[in-house]
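Below is one structure, written out as structure tokens, with a few remarks after it.
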Amino acid sequence: MDRKRFLVLIVGLFTAALLSAQEALQVKKVRVDSTIMILNSMTVEDYMALELPPLDTLYYNAFCMSNAVKYYDNEVEYYRCAITTEQLKPLEWIRLVTSASYGNTNMVGALQNESSYPIWIGSSSKQKSFYFNAGVTLNIPISDVFNTANKVRQARSKLRQTEARRDSELDNIKKEIITLYCEIISGINTLKSASERLVLAKAQYDFAEKDFVNNKITAEVLYRSKSYETAAVQDYERVKKEVNEALLSLEVISCTKIIKVCTPDATHSQEEEEDEAVSAKEKKKEQKKREKREKGKE
């Protein structure tokens, strides 16, 4: 019976975990679908009114929330601890030895009688006594004496290498953010021009269609006007696609929400507020860690 209850409990926990994972995936899917719907429904005026966060904000969020930067920060912390461990290694050569005892003292001995059989006798004192011993032992490996300084230098060298890789990663993130930032600004201006060309191409085709109905132009001229309109539509959609890709990439790299998703469900907005609160807490933690590291360097 107990085994059946245990199996039922395990199955229930597994089912609950599976359902919660499915709900989380569904929420993420809804958010992604909502973002795509907003991007598809945005007009040129919406792109022109879009306000990008300052570069300092994008840098700060990327440095605090990026997984690559967190990885290098953890490695830096690891090698700093390794340096401290190697510097304290000589303390392992010294060991303190102590012992204490308290109570009655029992004495056990044996006497030899004439029949060569031992006779065991014992005695104990009624007075309790306390014994205490203390001492120091030294165990100094010769290899560690000459190699400790070398191990400390190796740990410091690895620390400098990790810090250099982290700084290089930060520079790469900065370059990617700057590139995407400029692509978005340039793409929005290009999108405006492409939208104006599209409006003119559509108007030209409408006039050409009316003239064709009135037999003022030939089918070849109408076809040429339609080709201009099709090319303008394709150019507009291409530029819009490039701007959307740059926006989404900038969100991922900078860990900053740029495209605001507004859903009618109140739970979604609540979850977004919770995510923002969690990200704010993580930013504060990372800021405190960085301040501690800077103080340690000083």
Side-chain angles (χ1 to χ4, degrees), residues 28 32 35 50-94 140-188 242-259 274-298:
K28 290 182 179 180
V32 172
T35 305
L50 183 64
E51 295 182 1
L52 295 177
L55 285 175
D56 293 339
T57 303
L58 297 177
Y59 294 156
Y60 177 77
N61 293 341
F63 296 165
C64 292
M65 305 294 292
S66 175
N67 292 327
V69 177
K70 288 181 181 179
Y71 171 79
Y72 286 116
D73 286 342
N74 291 331
E75 271 204 346
V76 168
E77 190 68 22
Y78 170 80
Y79 285 120
R80 283 179 179 170
C81 294
I83 292 174
T84 304
T85 302
E86 293 297 335
Q87 289 175 341
L88 298 177
K89 201 69 175 293
L91 295 179
E92 296 181 0
W93 305 342
I94 304 173
I140 304 176
I142 301 300
S143 60
D144 290 347
V145 172
F146 297 99
N147 202 28
T148 299
N150 187 30
K151 288 182 178 179
V152 172
R153 285 194 295 269
Q154 288 177 354
R156 286 177 177 172
S157 177
K158 289 182 179 180
L159 175 61
R160 288 192 293 268
Q161 291 176 2
T162 305
E163 289 177 342
R165 288 198 299 268
R166 183 189 61 186
D167 294 340
S168 177
E169 183 67 22
L170 294 179
D171 292 338
N172 292 333
I173 291 175
K174 279 186 176 181
K175 291 178 182 178
E176 291 179 1
I177 290 176
I178 291 172
T179 301
L180 293 172
Y181 201 92
C182 295
E183 286 180 1
I184 291 171
I185 296 175
S186 176
I188 290 175
E242 292 176 354
V243 173
N244 291 341
E245 288 180 351
L247 282 171
L248 294 174
S249 299
L250 184 60
E251 278 194 350
V252 173
I253 294 174
S254 65
C255 302
T256 306
K257 193 66 179 174
I258 299 174
I259 305 168
E274 291 177 356
D275 292 343
E276 291 178 358
V278 171
S279 62
K281 290 181 181 179
E282 292 181 355
K283 291 176 185 177
K284 290 181 180 179
K285 290 181 181 179
E286 293 296 330
Q287 183 67 18
K288 290 180 180 179
K289 289 182 180 179
R290 291 181 182 279
E291 290 177 357
K292 288 181 180 179
R293 296 191 192 102
E294 291 176 358
K295 290 181 180 178
K297 289 182 179 180
E298 292 175 358

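All heavy atoms count here, side chains included; hydrogens, waters and symmetry mates do not. In this text the structure is predicted, and so the values were computed from the model without any measurement.
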Atom of Lys70, atom of Cys64 and distance for their closest heavy-atom approach: CE-O, 3.5 Å
Val69 backbone acceptor or donor facing Glu169 side chain under 3.5 Å: no
Approximate separation, where rounding is to 0.5 Å, of Glu86 CD and Tyr79 OH: 12.5 Å
Results of side chain to side chain contact (heavy atoms under 4.5 Å, CB included) for Asp167 - residues two or more places apart only: Leu170
Minimum heavy-atom distance between Cys255 and Ser66, given as atom pair plus value: SG-N, 4.1 Å
Backbone of Arg153 reached by a side-chain donor or acceptor of Ser157 within 3.5 Å: no
Under 3.5 Å donor-acceptor, Glu242 side chain and Gly187 backbone: no
Student check: side-chain heavy atoms of Phe63 and Lys174 closer than 4.5 Å: yes
Minimum-distance pair of heavy atoms, taken over all atoms of Leu50 and Ile258: CD1-O, 4.3 Å
Side chain Ser249, main chain Glu245, donor-acceptor under 3.5 Å: yes
Qualifying residues under side chain to side chain contact (heavy atoms under 4.5 Å, CB included), relative to Leu55, sequence neighbours excluded: Leu58, Tyr59, Ile177, Tyr181
Exercise: do Glu75 and Tyr71 side chains pair donor with acceptor under 3.5 Å: yes
Side-chain (Ser168) to main-chain (Ala164) donor-acceptor, under 3.5 angstrom: no
Residue pair Leu52 / Leu247, side-chain heavy-atom distance below 4.5 Å: yes
Residue among Thr179, Asn172, Asn61, Leu180 satisfying side-chain contact (heavy atoms from CB on, under 4.5 Å) with Ile253: Leu180
List, one per line, each side-chain donor-acceptor pair under 3.5 Å for residues 145-152, sequence neighbours excluded.
residue, atom, partner, partner atom, Å
Asn147, OD1, Asn150, ND2, 3.3
Thr148, OG1, Asp144, O, 2.4

Glu163/Arg80 under salt bridge (charged side-chain N to carboxylate O under 4.0 Å, His left out): CA gap, chis, key distance, verdict: CA-CA 11 Å; Glu163 289 177 342; Arg80 283 179 179 170; 3.3 Å; yes
